[in-house]
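When a residue number appears, it is its place in the shown sequence, counting from 1.
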Amino acid sequence: MVGALLLTSCKEEDEAVPEEFPNWAQKNDAYFVNLFNETKAKIDGGSLSWMLLPSCNLPTKLTNEAPYPYQYYDYVVVEKIAEPGVDTSKDENTPYDTDTVEVHYVGKLLPSTSYPNGWEFNRTYDSADGKFDPVRAWPTKFYVGGTISGFRTALQYMHRQDHWRVYIPYQLGYGTTVAGSIPAFSDLIFDVRLVDFWSKTPGDRD
């Protein structure tokens with residue numbers, strides 16, 4: 001009798017704890033399908049602030065004006081964030097897969113039970129109010145080809161001083177597996193600023 005009561009008590013306590021990521025796969029799939037369609041409509045309507053970038057893993061690179069023959073999860077969605085006094089339109093140089101980049105970024109998930117604005121799983125700079133401070137922030141350096149497919153794709157289209165919000169479907173992120181504290185089936189949202197990039201040379205290691 002005592003054992004049964006203990007088991008019942010534990011079960012009731014477990015059921016009282018809300019699930020942090022309910023219906024996570026379905027939620028992330030639906031979110032990105034909707035985002036893809038909304039972005040495509042904006043681009044077709046003439047917007048220059050949004051882009052659909054085909055994954056770098058695809059055999060053929062597409063321009064932003066090309067048709068969209070692949071699945072929605074073959075693309076990275078990008079929103080260009082305008083910075084006062086910054087114009088990168090004339091810069092034709094972008095990083096190669098084999099280059100090293102210096103960037104500032106913040107990465108988060110979609111909203112979940114305890115995080116209505118999305119759980120922030122990583123950031124490269126500290127900020128008391130959540131805002132970017134170019135004086136205090138120190139960029140992180142890494143090899144482009146060593147990142148997840150979606151992040152790698154976005155970086156290869158960026159110019160120095162670009163500030164983008166990058167939306168990556170889980171298929172181009174960590175997929176259906178858990179990655180540290182990031183649950184499986186997680187779309188990823190990054191706020192990214194590209195500071196610089198260069199070709200790696202002997203002795204230049206992350």
Side-chain angles (χ1 to χ4, degrees), residues 16-43 47 49-57 71-83 101-134 136-140 142 144 146-158 161-195:
V17 178
E19 184 181 354
E20 185 60 47
F21 304 105
N23 303 312
W24 199 235
Q26 296 89 335
K27 180 176 182 178
N28 281 262
D29 265 325
Y31 174 86
F32 207 85
V33 168
N34 184 63
L35 179 63
F36 177 92
N37 289 330
E38 288 183 347
T39 302
K40 182 178 181 300
K42 291 175 183 176
I43 294 171
S47 174
S49 298
W50 290 83
M51 295 190 294
L52 287 172
L53 304 180
S55 168
C56 59
N57 292 337
Q71 297 293 323
Y72 73 91
Y73 50 74
D74 291 320
Y75 295 86
V76 171
V77 172
V78 168
E79 178 186 7
K80 296 180 179 181
I81 310 298
E83 291 287 347
V101 293
E102 280 188 337
V103 299
H104 303 288
Y105 71 82
V106 177
K108 67 177 185 177
L109 307 180
L110 299 189
S112 59
T113 302
S114 304
Y115 302 91
N117 295 319
W119 179 64
E120 185 180 296
F121 57 85
N122 197 6
R123 71 161 49 232
T124 61
Y125 56 89
D126 294 326
S127 175
D129 57 4
K131 295 181 179 180
F132 176 72
D133 183 347
R136 295 182 57 202
W138 191 263
T140 187
F142 52 80
V144 174
T147 62
I148 56 174
S149 179
F151 203 85
R152 186 162 77 245
T153 295
L155 286 173
Q156 292 181 73
Y157 283 88
M158 296 187 77
Q161 298 189 69
D162 270 345
H163 178 196
W164 289 4
R165 188 161 294 117
V166 180
Y167 302 82
I168 301 173
Y170 67 81
Q171 292 88 346
L172 300 182
Y174 296 106
T176 59
T177 60
V178 176
S181 57
I182 300 175
F185 302 101
S186 290
D187 296 340
L188 308 175
I189 303 173
F190 287 94
D191 186 287
V192 187
R193 299 167 189 264
L194 178 61
V195 178

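Counting heavy atoms from C-beta on, the side chains of Met158 and Val78 never come closer than 4.5 Å. Residues His104 and Val195 form a side-chain contact, since some pair of their non-hydrogen atoms from C-beta on lies under 4.5 Å apart. Asp162 is not listed as a side-chain neighbour of Tyr157, based on a closest heavy-atom distance of 4.5 Å or more. In this structure, Lys27 and Pro111 have side chains that are in contact, with non-hydrogen atoms separated by less than 4.5 Å. The shortest side-chain heavy-atom distance between Tyr31 and Ile189 falls under the 4.5 Å cut-off.
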| said: Run Phe21 and Phe185 through ring-ring contact (aromatic ring centres under 6.0 Å, His included) and show every step you take. | reply: CA-CA 10 Å; Phe21 304 105; Phe185 302 101; over 10 Å; no
| said: Does Ser114 form a side chain to side chain donor-acceptor pair (under 3.5 Å) with Glu20? I'd like the steps, not just the answer. | reply: CA-CA 7 Å; Ser114 304; Glu20 185 60 47; 2.7 Å; yes
| message | Let's go through Tyr73 and Asp29 carefully: what are the C-alpha distance in whole Å and the side-chain angles of both, what is the deciding distance for side chain to side chain donor-acceptor pair (under 3.5 Å) to 0.1 Å, and is it a yes or a no? | response | CA-CA 9 Å; Tyr73 50 74; Asp29 265 325; over 6 Å; no
| query | Are Asn122 and Phe190 close enough, and set up right, to give a side-chain contact (heavy atoms from CB on, under 4.5 Å), and what steps lead you there? | reply | CA-CA 9 Å; Asn122 197 6; Phe190 287 94; 5.9 Å; no
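With rounding to the nearest 0.5 angstrom, the NZ atom of Lys108 is 14.0 Å from the CD1 atom of Ile182. We find the CZ-CG distance between Phe121 and Leu188 to be 4.5 Å, quoted to the nearest 0.5 Å. Atom CG of Leu109 sits about 6.5 Å away from atom CH2 of Trp119, to the nearest 0.5 Å. One distance of note links CZ of Phe142 with CZ of Phe151; it measures 4.5 Å at 0.5 Å rounding. Taken from CD in Glu79 to CG in Asp191, the straight-line distance is 9.5 Å, to the nearest 0.5 Å. Distance check, rounded to the nearest 0.5 Å: OG of Ser49 to NZ of Lys42 gives 9.0 Å.
In this structure, Thr124 contributes its side chain and Tyr105 its backbone to a donor-acceptor pair below 3.5 Å. Remark: side-chain polar atoms of Asn28 are paired, donor with acceptor, to backbone N or O of Asp187 under 3.5 angstrom. The closest donor-acceptor contact from the side chain of Thr140 to the backbone of Val103 lies at 3.5 Å or more, if one exists at all.
Minimum heavy-atom separation, Ile168 to Gly150: CD1-C, 3.6 Å. Nearest approach of Trp24 to Ala184, heavy atoms of both residues: CD1-O, 3.1 Å. Between Tyr170 and Ser186, the closest heavy-atom pair is CB-O, 3.3 Å. In plain terms, the two heavy atoms of Val166 and Ala154 that are nearest each other are CG1-CB, 3.9 Å. Pro54 and Thr153 make their closest contact through O-CG2, 3.3 Å (heavy atoms, listed as atom of the first residue, atom of the second, distance). Across all their heavy atoms, Val144 and Arg152 have their closest contact at O-CD, 3.3 Å.
A distance of 6.0 Å or more separates the ring centres of Tyr167 and Tyr75.
Side chains of Tyr72 and Asn34: no donor on one and acceptor on the other come within 3.5 Å.
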